[in-house]
Number of protein chains: 2
Amino acid sequence: MRISALEEYGIRCLLALAENGVRGQASIAEIAEREGISVPYASKLLAILRKAGLVAAVRGRSGGFSISREPKDINLLEVITALGGPLMDEEHCQKYSGQLEECIHTGDCSVMNVLGGLAGYISDYLASNTLEDIMSGNVLNQAKQVNMNEKPAESSPRVDRNLTVLNKRIG
Amino acid sequence: MRISALEEYGIRCLLALAENGVRGQASIAEIAEREGISVPYASKLLAILRKAGLVAAVRGRSGGFSISREPKDINLLEVITALGGPLMDEEHCQKYSGQLEECIHTGDCSVMNVLGGLAGYISDYLASNTLEDIMSGNVLNQAKQVNMNEKPAESSPRVDRNLTVLNKRIG
DNA sequence: AAAAATGTTTACAAAATAGTAAAGTATTTG
DNA sequence: CAAATACTTTACTATTTTGTAAACATTTTT
């Protein structure tokens, strides 16, 4: 489970454009140099971002790329999804249930419960951070779990529990 | 950003052994059949889990694998780390700062702030869920953010904020 | 209109991951 | 001790991801 190269560089390139503002413009060559990646790779990256509607391109001699929305209106979930697809798609079970016809953990699938929960958890984090947050250093730091109740007794393993997570913006 | 195949199947195989209990034993062939994967692939998978100390192997005619600790004492962070490495290692910046000598976003790196925060966030989730939690369907569901304060004014972008995240165990 | 600058597309090469195959080592059973 | 069973290791193939290259299309400038 890792951040892919495309995701990492995509965020960086988008931030570079975001700092230029919606009106500003930068060429592929400029972005590539600034981020230290090759021009062809930057081309590929920016094409993906353009098709996702995150940046706008102008061709021709005085062309270039600009960010298509204000940084505060672009969150990381949209960016990551554009660059690396969803964290967990519909085909996940079909793909990872092995070679059996139907998922062996059919019905109440415990693995899906925890991995689906993880995906939702991550999505929440990503959706909560905009490009503007990142630029201003105002991002969600990792959750610090306090008031973590002890595990429920074995005799009643399905008791619902609440636990408060204290998040703090770092700056 | 995805769950890798090794991680997915590794969790499943480990769960299969966990359901057998610390005393129980299962052969590669049995596990492979149960999970619908090939015997060679299950071999590779279980070898990784053994080297990580998560399962114990007994050779010979009446050999097989067993889980080396109680399910309540094995959390997902350990499993995921064993199967797919850490979410973000020390070389991350070196690897993804492009071809420049030093990271272009040196010092106060905004990208690292948000991605490091994400990694910590995910680690917290994984560390909070044990194999026993998964087996009993007692896993953390995705965070549902309530009391989300509005963004700070542009004039004071670095104001710290707290936001309460309500997590709920599903069952 | 020609040339230069710039984005677009397609194809290809390299590296990492996923999955398979086979030969080897250890233990039990008769 | 010999054969059967089961884990171990190494090597290999296939697929996906990463990154590069080159030809193409569009706009501006002269």
Side-chain angles (χ1 to χ4, degrees), chain A residues 1-10 12-13 17 24-33 35-68 80 82-85 89 91-92 95-99, chain B residues 1-13 17 24-33 35-52 54-68 80 82-85 89 91-92 95-99:
Chain A
M1 196 173 190
R2 285 224 171 81
I3 302 273
S4 76
L6 222 51
E7 287 163 348
E8 169 89 29
Y9 289 128
R12 290 184 186 276
C13 289
L17 288 175
Q25 227 175 18
S27 69
I28 289 179
E30 287 167 346
I31 297 169
E33 189 192 13
E35 295 303 321
I37 59 180
S38 71
V39 169
Y41 194 47
S43 302
K44 178 190 255 185
L45 208 49
L46 288 162
I48 294 172
L49 294 174
R50 182 185 57 80
K51 284 166 187 164
L54 292 169
V55 303
V58 174
R59 287 192 181 188
R61 184 153 180 174
S62 66
F65 287 90
S66 58
I67 200 155
S68 51
I80 291 283
L83 292 163
D89 53 19
E91 301 165 2
H92 184 90
K95 194 175 173 189
Y96 289 122
S97 64
Q99 296 166 341
Chain B
M1 193 171 196
R2 285 224 170 80
I3 302 273
S4 75
L6 223 51
E7 288 162 349
E8 170 89 29
Y9 288 127
I11 293 173
R12 289 184 187 276
C13 289
L17 287 176
Q25 226 175 19
S27 69
I28 289 179
E30 287 167 347
I31 297 169
E33 190 191 12
E35 294 303 322
I37 59 181
S38 72
V39 169
Y41 193 48
S43 303
K44 179 190 254 185
L45 207 50
L46 288 162
I48 294 172
L49 294 174
R50 182 184 57 78
K51 284 165 187 164
L54 293 169
V55 303
V58 173
R59 286 192 182 189
R61 184 154 179 170
S62 65
F65 287 90
S66 59
I67 199 157
S68 51
I80 292 283
L83 293 163
D89 52 19
E91 301 165 3
H92 184 91
K95 194 174 173 189
Y96 288 121
S97 63
Q99 297 165 341

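Reckoned from all heavy atoms, side chains included, excluding hydrogens, waters and symmetry mates. The chains referred to below are lettered A, B, ... by the order of the sequence lines, with proteins before strands, and numbering in each begins at 1.
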Within this structure, what is the [atom1]-to-[atom2] distance between [X] and [N], rounded to whole angstrom?
X	N	atom1	atom2	result
A:E7	D:dG19	CD	P	12 Å
B:Q25	D:dC7	CD	C1'	11 Å
B:R50	C:dT25	CZ	P	16 Å
A:R61	C:dA2	CZ	C1'	12 Å
B:E8	C:dG19	CD	P	11 Å
B:L45	D:dA6	CG	P	19 Å
A:I48	C:dT9	CD1	C1'	13 Å
B:R12	C:dA18	CZ	P	15 Å

Roughly how far apart are [X] [atom1] and [Y] [atom2], rounded to 0.5 Å?
X	Y	atom1	atom2	value
A:L17	A:L46	CG	CG	6.5 Å
B:Y9	B:I3	OH	CD1	13.0 Å
B:L83	B:E8	CG	CD	11.0 Å
B:I80	B:E7	CD1	CD	4.0 Å
B:S27	B:E33	OG	CD	9.0 Å

Next item on the list: Could you identify which residues of residues 51-59 of chain A place a heavy atom less than 4.0 Å from some atom of DNA chain C, listed by residue number, or say none?
Entry: A:K51, A:A57, A:V58, A:R59
Checklist line | Intermediate values then yes/no, side-chain contact (heavy atoms from CB on, under 4.5 Å), B:C13 and B:I37 | finding: CA-CA 10 Å; B:C13 289; B:I37 59 181; 4.1 Å; yes
Taking only N/O atoms, report every protein-nucleotides 14-18 of chain D pair under 3.5 Å with atom names and distance.
{"from": "D:dT18", "atom 1": "OP1", "to": "A:A5", "atom 2": "N", "distance (Å)": "3.3"}

Item checked: Evaluation steps, side-chain contact (heavy atoms from CB on, under 4.5 Å), between B:I31 and B:L45 -> CA-CA 11 Å; B:I31 297 169; B:L45 207 50; over 6 Å; no
Checklist line | Residue whose nearest DNA chain D nucleotide is more 5′ - B:G63 or A:P40 | finding: B:G63
Check: Taking for each residue the nucleotide of DNA chain C with the nearest heavy atom, is it A:S62 or A:A47 whose nucleotide lies nearer the 5' end?
Finding: A:S62
Next item on the list: Check whether any side-chain nitrogen or oxygen of B:S38 sits under 4.0 Å from OP1 or OP2 of C:dT20, and answer yes or no.
Entry: yes
Next item on the list: Mind listing the closest non-hydrogen atom pair of A:I28 and A:A42 along with its distance?
Entry: CG2-CB, 4.0 Å
Check: Looking at residues at least two apart in the chain, or sitting in another chain, which of them share a side-chain hydrogen bond (donor to acceptor under 3.5 Å, both in side chains) with B:Q25?
Finding: none
